[in-house]
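Treat the numbers as computed from the prediction; the structure is a model and nothing was measured. First the proteins, then the strands, lettered A, B, ... as listed; each starts at 1.
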Amino acid sequence: MSKKDLTELEVFELMQTYENHTFGEIDQHETPETIKSYHGYVVERSIFEYEPNSNPFPDLDWLDLEIKSTPMRETNRGLSSKERLVLNIINYLEENWLDFYESSFWKKNKKLLVVFYLYKNTLPKREQKILKSIIYKYPEKDLKIIMNDWLTIANKVLSGQAHEISERDTLYLAACTKGVNSDSVRKQPFSDVLAKQRAYSLKASYMTTVYNDYVYKNRKDESIVNDASIQVGKFSLEDYILKKFMPYFGASVTKLAELFGIDLISQTKSINSLIVNRILGLKHDIDHVEEFRKAFIIPKTIRIEPNGKVKESMSFPIFRFMEIIHEEWEDSEINDIMSNGRFMFIVFKYDLTFREYQLSNLKFWSMPNIDVLECREVWERTKAIIINGVEMTPTRKGINNNLPKKVDNSVMHVRPHGRDASDRLPLPDGRMMTKQSFWLNNDYILKIISE
DNA sequence: GCATGATCATGC
DNA sequence: GCATGATCATGC
């Protein structure tokens, strides 16, 4: 039977038969592993029997179905998408920037057959396995966010700023660079400046959530938007979140706690987060908000003290000494957070007149590349120190170490982060050390939220 | 007052 | 019991 006769359901059922199969088992053409898009080649040629191409219409055009393969990898937090899902290249000159439904993105990618496979850097490509294949249609509320993302990209091009496009401009759909090197540039319609070649892509955070939605249907993710929350071109996800906070700006922590029925006693370390949860109307943890996970939005509360300063640096998840020594910066969790995360800072500021903390500001922010480089420097130094053997010196205040300190870098440092000092992990040389994590410097945070 | 080691509160 | 966000504590 020709593959051209298959219905959508039959395509889905066909792909299920390949789950847990390696690409080597599927391949009927001895596809060389040196091909960059090896996995896609194998699926398209050996399962669907056509030559990979760059047509403007979907691969299985009679079904409006575009085929995509994407790697998942194992992390400390379960499976997560290894990279963004790259779609078609953007032709700035020929794209219809006035109508989303006429765009090359929508025409080619309105419906996707996504083949998730398990990536392991220890395995050759032919031994990597297909995990799941799904036929993916964007849920209505996702589509609105995607359309807003597309408009953001379109507006950059229409104002002659295609060279200023950044992946961080958008939430789910992004324009990622695509080309052999930074010399891959293209003309844009409303400026003489050449712009980097880019492709539409779905963010890795988005793909991770799509995968987990599919595999773990009873997940704890909680959505904060519905189909009507966002208006394309008028009201973004960030506008929507801001609107939820608006009524409470200027209110004191005491008052907000009272309003939401939160007991103030013995909750000093969590009171501000609890208030934020209630403002967003959450039942569960703020880390399990669907839209935050898809867009990689990282909520953080910040306190400004009576002296106008941020006293505390900002912590991130611990790293494992035995893992960081084998990692590269590009694959590290902290790089992912700083390069791809979008921070949502909720600021509580001490008011000198009323002598209390008040909810004062909400700010979305992404770290500039130049500061990510600083983080990298700290990370590389941390890795080197751990490989060379950490120096630990007992003092009256605890055990001092020689990992990167706040005074060493303007952006990030390393600090203990555990239940207490006895909460430890092994070092490469067998000694144990209190768990550590990366922290953004308090003065750096103050600078960001003051801008 | 700051820098940095240590610890608390919460949710899963 | 652990991970994590947030804050505390104290020597200098």
Side-chain angles (χ1 to χ4, degrees), chain A residues 75-78 80 212 216 218-222 253 257 260 262-278 280 282-289 292-293 297-321 323 333-334 336-337 341 343-350 357 359 378 382 385 390-426 432-446 449:
Chain A
T75 70
N76 293 327
R77 271 168 259 285
S80 92
N212 289 322
Y216 306 107
N218 59 350
R219 72 197 199 286
K220 293 287 189 305
D221 276 4
E222 176 175 6
V253 167
F260 292 121
I262 304 168
D263 181 8
L264 266 174
I265 312 297
S266 86
Q267 293 182 329
T268 49
K269 288 196 178 188
S270 57
I271 182 66
N272 292 354
S273 327
L274 290 172
I275 288 171
V276 169
N277 280 16
R278 298 300 176 86
L280 290 170
L282 303 178
K283 294 188 189 68
H284 302 286
D285 199 86
I286 197 164
D287 289 338
H288 295 278
V289 173
F292 290 177
R293 287 167 87 95
I297 291 172
I298 305 166
K300 292 277 187 185
T301 60
I302 298 167
R303 228 173 46 184
I304 298 182
E305 307 297 338
N307 64 3
K309 296 193 172 179
V310 174
K311 180 163 174 284
E312 304 298 344
S313 295
M314 183 175 285
S315 67
F316 290 89
I318 60 150
F319 58 86
R320 288 161 207 277
F321 310 122
E323 288 177 7
E333 183 180 16
I334 198 74
D336 190 33
I337 291 172
F343 288 90
M344 178 173 112
F345 292 139
I346 304 117
V347 183
F348 290 84
K349 186 176 184 187
Y350 192 84
Y357 291 100
L359 176 62
V378 172
T382 302
I385 291 168
V390 184
E391 291 169 20
M392 289 191 274
T393 330
T395 68
R396 251 175 283 180
K397 270 202 68 180
I399 301 169
N400 197 297
N401 65 57
N402 64 334
L403 292 168
K405 298 279 170 282
K406 190 160 97 82
V407 290
D408 300 332
N409 186 283
S410 60
V411 178
M412 198 169 83
H413 65 281
V414 176
R415 289 259 283 287
H417 191 179
R419 197 177 63 257
D420 56 36
S422 70
D423 192 10
R424 301 187 295 172
L425 282 172
M432 301 292 284
M433 185 182 191
T434 307
K435 290 175 180 171
Q436 308 278 324
S437 73
F438 293 101
W439 300 63
L440 287 180
N441 297 358
N442 56 346
D443 36 10
Y444 178 73
I445 299 292
L446 178 63
I449 59 175

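Judged by distance alone, with hydrogens and angles left aside, A/H284 brings no side-chain donor or acceptor close enough to the base of B/dG11 to form a pair under 3.5 Å. Residue A/K397 places a side-chain atom within donor-acceptor reach of the base of C/dT10, judged by atom type and a 3.5 Å distance cut-off alone. No hydrogens or angles were tested; on distance alone, nothing pairs the side chain of A/R396 with the base of C/dG11 as donor and acceptor under 3.5 Å. For A/S273 against C/dA6, a side-chain-to-base donor-acceptor contact under 3.5 Å is absent.
Position along DNA chain B of the nearest nucleotide to A/K283 versus A/W439 favours A/W439 as the more 5'-ward residue. Each of A/S422 and A/V407 was assigned the nucleotide of DNA chain B with the nearest heavy atom; the assignment lying further toward the 5' end belongs to A/V407.
Counting heavy atoms from C-beta on, the side chains of A/I297 and A/V289 never come closer than 4.5 Å. The shortest side-chain heavy-atom distance between A/I334 and A/M412 falls under the 4.5 Å cut-off.
With distances taken from any side-chain atom of A/R320 to the nucleotides C/dA3, C/dC8, B/dG5, the minimum falls on C/dA3. Among the nucleotides B/dG5, B/dT10, B/dT7, the one closest to the side chain of A/D420 is B/dT7.
In this structure, A/F345 and A/F343 have parallel ring planes: the angle between them is below the 30° cut-off, well short of the 60° mark.
Contact between the side-chain N/O atoms of A/S270 and the OP1/OP2 oxygens of B/dT10 is found at a separation under 4.0 Å. At the phosphate of C/dT7, OP1 or OP2 sits under 4.0 Å from a side-chain N or O atom of A/N272.
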**OP:** Might you work through the side-chain hydrogen bond (donor to acceptor under 3.5 Å, both in side chains) test for A/D408 and A/H413, ending with a clear yes or no?
**Re:** CA-CA 8 Å; A/D408 300 332; A/H413 65 281; over 6 Å; no
